[in-house]
Structure formats: C-alpha cells, structure tokens
*Asks:* 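First the structure, then my questions, so here it is.
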There are 2 protein chains.
Amino acid sequence: MALRHAVLAALLEGEHSGYQLAKSFDVGMANFWHALPQQLYAELAKLEADGLVAGREVVQEARPNKRLFTVTDAGLTELRRFACAPSKPSFIRDDLLVKVAAADAVDPAELIAQLEERAAIASGKVELFDKLMHKMRGELDETEYLARGAQVGPYLTCLRGRRFESENREWCTETASVLRARAGVDVQR
Amino acid sequence: MALRHAVLAALLEGEHSGYQLAKSFDVGMANFWHALPQQLYAELAKLEADGLVAGREVVQEARPNKRLFTVTDAGLTELRRFACAPSKPSFIRDDLLVKVAAADAVDPAELIAQLEERAAIASGKVELFDKLMHKMRGELDETEYLARGAQVGPYLTCLRGRRFESENREWCTETASVLRARAGVDVQR
DNA sequence: GGACCATAGTCAAATTTCTGACTAATCTTA
DNA sequence: TAAGATTAGTCAGAAATTTGACTATGGTCC
C-alpha cells in the first residue's frame, strides 16, 4: 500500500507520464523505492480511479501519444496523511550480501569478482547522483540550496542515495580485500 | 527465489530452529534480508522437501519441542551455485525516504519528529551490531579476526549493516536540521 | 493471582511484486 | 538498408510477501 505514495511523491516534481515515471524509478527514486513499469502503469490507473491523480492526453506527432499525470488536491491530502502515519522500518534486500554471508562456504574468487563489479556499479551511481544534484541546485551551492532552494525533498533523498552508494563502494572494495587476503592463507576452519 | 539462499546462508552458522531463524531475520540477517516467521517456516519445509536442509526433532521439557535444521551437502552445492549466478542489484524500500521526497508538500514538524525517531533507532542498531561483532570475534581484534578468524561471512555483513545504520543516523539528523532551518524561513516556492 | 512475555510453531487469504510476452511507430547506428 | 534502440504503453499468470489470525505451555512482573 505504499507504492502509491512513492508515485505521488514523484509526481510532486511536476507532470510525468507513466513512461517517464518508469525511468525515475530506475534512477533517483530507485534508491528508496524500486518498481517495474507494469506496476507503475497499474498504480497510476488506480490512483486516477481514486481521484488522487489527474491524467491528460497529450497528442504527439513523431511519438506515440502519452498521458501526463498530476497530483490532485485529494492526492496531496492523502500524501500528507501518509506522512503523519508511522513509518515501517526500511529494509535492504541484497543477493550479494547473502553471498557474502555465505563467504566461508563458497568460491572466494567468484565472490571477489562480484564485489568488484558491484563496487564499479556503485561508483557509477555516485557520479550519477552528483550530476543529478548539480543539475537540481543550478548555480546555488549545496548549503544555499538546502537553506532556500525550491523542492529540497528530492535533493535530500539524492544525498541519501549518494551516501548509500558511496559507502557501498567502500565496503565492497574492503570486503574484496579481506577475502583476497584470506584466500590461500591459513585460516581457522 | 532467494529467501531460500538467505536461509541456507544463515544455517551455515550452525543448527537453528525456525524460531531462532525468525530472530536472526529480525536483527543481523534483517540488514540484508527481511522475512516474517511464517515465510521462514514455509521455506524450511520446502528446503527440507528438496533435500537442501535436514531437520531433527529435539524433545524439550520446559519448552515446546522444536526442530533444528542443518544444511545438507545438496544445500551447500545449491548455495555455491547461487554464489556464482549474477546478483540482482540491491534495493532499499523506505517509507521515510518517500516522506522526505515529499518534504516540500507535507508537515515539516511531523517529518522532523520521524527523522529523529529513526536516528535514535539507527543508533540502537549500531550499538547492537557492535555487541554482536564483539561477541563474534571473541578476544581477537577486528584486523586479526578478518585475517584468520573462522566464519568471516556473517562478520562482514555485520560490518555492512553497521555502516548502513551509522550513515542512516547521520543522514536523519542532518536532514532534520535542514528541515528545521527551513521551517519559518523564507524559501522559494 | 492475573496479565503479559517468550518459546515454538501453523493456517488461510489478500495483496504486492515479478516474469515474460506483445503492440506499434520512429529514430539511430552500422 | 536492416537491425536495434527509444518512446509509450498493455496483459496475463506465477511467485513472493504481508496481514491477521490461532494453538500451547511455562516463566516473570506487579
């Protein structure tokens, strides 16, 4: 029951089509809420049926037509209600962490390779966040933007995403080092 | 299709009952895989049916009887196969982040209160991880343990959990500060 | 002495999420 | 000039996850 609120929050930044939302939920938004395009289209349909968003058809020449959605007053009210409700604790779900938990029983070389691959991906995401945030704040520097800028919400969540990925990269690199050092060395088993 | 691998990884640390696993998945394990007791009991039944874990009945006096599970050779093989398969990218899912994303449209006071509450929870988790890791490594210091200790897998994932929570606490505190500073101040809207 | 917490589970149903395919036009690249 | 990527969606079915019960016994708190 909370993908809807993530969608409402995303639409606060302005009109979006389902397709554009799907992109958002693959980059910025994905850092605290992941969803597939099918889910988003379905959720938008429900939100519209419930009157929380309003869609308008946009006819295009060179592209298929699209529907752009906006949050309605009822949607805003719902979002405010949600903001006051108790939050469920967050959770990560990560295949790679499961593999590391099993590190003592699986092939270290493979694990190291995957950790390094993940570190590289995390690096890429850090850069992506930096670009995104730079674009958001325009000429203002971060302190200025946080103090007086419009729409700090998405900026603050990007900061969180950036930290998460940066830390992820570090941990992956360090963990790979630990495993590499242990490989071939005498260890208590 | 991956709760099973999380369960297998958890059982590598030794025999556990469904009930004990449920506890694990509420603390240490929960930092990279969250699951309710019902799921665990169901998954253990499936794993046993597939021959990946073996259960044995333990009759108790003062407590209800229980079944302790161990990973079988087939289970180990499956875990190794899983470790070599490509990892799906991790995802966070967090109500509170959704609320912060909507920060520009919701009640700041409520959001600040929730951020501070979350910071306190994160603080508690950091301490919990410190205790857990201290217990795991015994007399050895961290560097020693990582180099030569038995079962580094769970220790490494705890390190990740600790970092995550520590960073979470910082971000929550800083974000609350930003929102508090903006409340009442003239802001571009 | 009653209320509640911990141990140790089980069951059914609703909801959410994921997998995989399918349409259809245009724009880009080799 | 053919293949593939991009835009913009839709549909059905399978799998996973959550919600909300319910059974028992023993110990602890007040």
Side-chain angles (χ1 to χ4, degrees), chain A residues 1-7 15-27 29-30 32-50 53 55-69 82 85-95 98, chain B residues 1-7 15-27 29-30 32-50 53 55-69 82 85-95 98:
Chain A
M1 273 299 236
L3 170 58
R4 42 177 35 214
H5 301 113
V7 170
E15 273 190 332
H16 284 82
S17 65
Y19 190 80
Q20 287 176 298
L21 276 182
K23 303 243 137 173
S24 291
F25 275 77
D26 218 51
V27 278
M29 224 55 183
F32 57 94
W33 210 276
H34 169 256
L36 297 166
Q38 297 96 312
Q39 276 177 274
L40 294 170
Y41 287 116
E43 197 61 48
L44 282 169
K46 274 192 242 166
L47 283 165
E48 195 178 19
D50 295 347
V53 306
R56 68 181 181 94
E57 186 87 14
V58 174
V59 180
Q60 298 185 114
E61 306 264 301
R63 303 251 147 252
N65 296 346
K66 61 181 172 185
R67 304 201 66 215
L68 293 180
F69 294 91
F82 166 72
S87 307
K88 296 181 198 167
S90 76
F91 65 88
I92 324 175
R93 218 160 249 198
D94 195 334
D95 270 15
V98 173
Chain B
M1 274 296 238
L3 170 59
R4 42 178 36 214
H5 300 112
V7 170
E15 273 190 333
H16 284 81
S17 66
Y19 191 80
Q20 286 176 299
L21 275 182
K23 305 243 137 174
S24 290
F25 275 78
D26 218 52
V27 278
M29 223 55 183
F32 56 95
W33 209 275
H34 170 254
L36 298 166
Q38 297 95 312
Q39 275 176 276
L40 295 170
Y41 287 115
E43 197 62 48
L44 281 169
K46 274 192 242 165
L47 283 165
E48 195 178 19
D50 294 348
V53 305
R56 68 180 181 95
E57 186 87 14
V58 174
V59 180
Q60 296 186 116
E61 306 265 302
R63 304 249 146 256
N65 295 347
K66 60 183 173 182
R67 304 200 65 218
L68 294 180
F69 295 91
F82 166 72
S87 306
K88 295 181 196 163
S90 76
F91 64 88
I92 323 177
R93 221 163 247 195
D94 195 334
D95 270 15
V98 173

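Keep in mind the model is a prediction, meaning the values are calculated, not measured. Each chain gets a letter, A, B and so on, in the order the sequences are listed, and its residues count up from 1.
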*Asks:* What's the CZ-C1' distance between A:R4 and C:dT15, to the nearest Å?
*Replies:* 13 Å
*Asks:* NA contact type, A:R93, heavy-atom cut-off 4.0 Å: base, sugar-phosphate, or nothing?
*Replies:*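 Here A:R93 touches the backbone only, sparing every base.
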*Asks:* Taking for each residue the nucleotide of DNA chain C with the nearest heavy atom, is it A:L3 or A:E61 whose nucleotide lies nearer the 5' end?
*Replies:*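 Looking at DNA chain C, the more 5' nearest nucleotide goes with A:L3.
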*Asks:* Can you tell me how far the NE2 atom of B:H16 sits from the CZ atom of B:F25, to the nearest 0.5 Å?
*Replies:* 10.0 Å
*Asks:* Find the distance B:K88:NZ to D:dA16:P and express it as a whole number of Å.
*Replies:* 9 Å
*Asks:* Are any side-chain N or O atoms of B:Q39 and backbone N or O atoms of B:L36, one a donor and one an acceptor, separated by less than 3.5 Å?
*Replies:*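 Side chain of B:Q39 to backbone of B:L36, a donor-acceptor pair under 3.5 Å: yes, one is there.
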*Asks:* Using the test ring pair (Phe, Tyr, Trp, His ring centres under 6.0 Å), find all partners of B:H34 that sit at least two apart in sequence or belong to another chain.
*Replies:* A:F91
*Asks:* So do B:R93 and A:K88 actually touch side chain to side chain, heavy atoms under 4.5 Å?
*Replies:* no
*Asks:* Rounding to an integer number of Å, can you tell me how far A:Q38 CD sits from C:dC22 P?
*Replies:*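 Result: 14 Å.
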*Asks:* Between C1' on C:dA8 and CG on B:D26, what's the gap in Å once rounded to a whole number?
*Replies:*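 About 16 Å, once rounded to whole Å.
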*Asks:* Please tabulate the protein-to-nucleotide N/O contacts below 3.5 Å involving nucleotides 1-8 of chain D, giving atom names and distances.
*Replies:*
{"from": "D:dT7", "atom 1": "OP2", "to": "A:Y19", "atom 2": "OH", "distance (Å)": "3.1"}
{"from": "D:dT7", "atom 1": "OP2", "to": "A:K23", "atom 2": "NZ", "distance (Å)": "2.7"}
{"from": "D:dA8", "atom 1": "OP1", "to": "A:Q60", "atom 2": "OE1", "distance (Å)": "3.3"}
{"from": "D:dA8", "atom 1": "OP1", "to": "A:Q60", "atom 2": "NE2", "distance (Å)": "2.7"}
{"from": "D:dA8", "atom 1": "O3'", "to": "A:N65", "atom 2": "O", "distance (Å)": "3.4"}

*Asks:* Quick one: A:K46 NZ to D:dT10 P, roughly how many Å, whole number?
*Replies:* 14 Å
*Asks:* Checking A:A85 now: which residues fulfil side-chain contact (heavy atoms from CB on, under 4.5 Å) with it, not counting sequence neighbours?
*Replies:*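 For A:A85 there are no side-chain contact (heavy atoms from CB on, under 4.5 Å) partners, ignoring immediate neighbours.
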*Asks:* Who pairs with B:Y41 by ring pair (Phe, Tyr, Trp, His ring centres under 6.0 Å), at least two apart in sequence or on another chain?
*Replies:* none
*Asks:* Report yes if some heavy atom in the side chain of A:R56 is under 4.5 Å from a heavy atom in the side chain of A:V58; otherwise report no.
*Replies:*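 In contact.
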*Asks:* Nearest 0.5 Å, what's the CH2-OG distance between B:W33 and B:S90?
*Replies:*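 One finds 10.5 Å between CH2 of B:W33 and OG of B:S90.
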*Asks:* Using whole Å, report how far CZ of A:F69 lies from C1' of D:dG9.
*Replies:* 11 Å
*Asks:* Which angle, rounded to 10°, do you find between the first-five-pair axis and the last-five-pair axis of the helix from C:dG1-D:dC30 to C:dA30-D:dT1?
*Replies:*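 Inter-axis angle at the termini of the helix from C:dG1-D:dC30 to C:dA30-D:dT1: 50°.
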*Asks:* Tabulated below should be each protein N or O lying under 3.5 Å from an N or O of nucleotides 1-4 of chain C; please produce it.
*Replies:*
none

*Asks:* Side-chain contact test, heavy atoms from C-beta onward, threshold under 4.5 Å: evaluate it for B:V7 versus B:L47 and give yes or no.
*Replies:*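 Result yes, sub-4.5 Å side-chain heavy-atom pair found.
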*Asks:* Taking NE2 from B:H16 and P from C:dT7, how many angstroms apart are they, rounded to a whole number?
*Replies:*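 Rounding to the nearest Å, NE2 of B:H16 and P of C:dT7 are 13 Å apart.
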*Asks:* To the nearest Å, give me how far apart CG (A:L36) and P (D:dG9) are.
*Replies:* 16 Å
*Asks:* Does the distance from a Lys or Arg side-chain N to an Asp or Glu carboxylate O, for A:E57 and A:K66, drop under 4.0 Å?
*Replies:* no
*Asks:* Under a 4.0 Å N-O cut-off, is there an ion pair linking B:D50 with B:R4?
*Replies:* yes
*Asks:* Hey, does A:Q39 reach any base, or is it just sugar-phosphate, or nothing, if we go heavy atoms under 4.0 Å?
*Replies:*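 Sugar-phosphate only.
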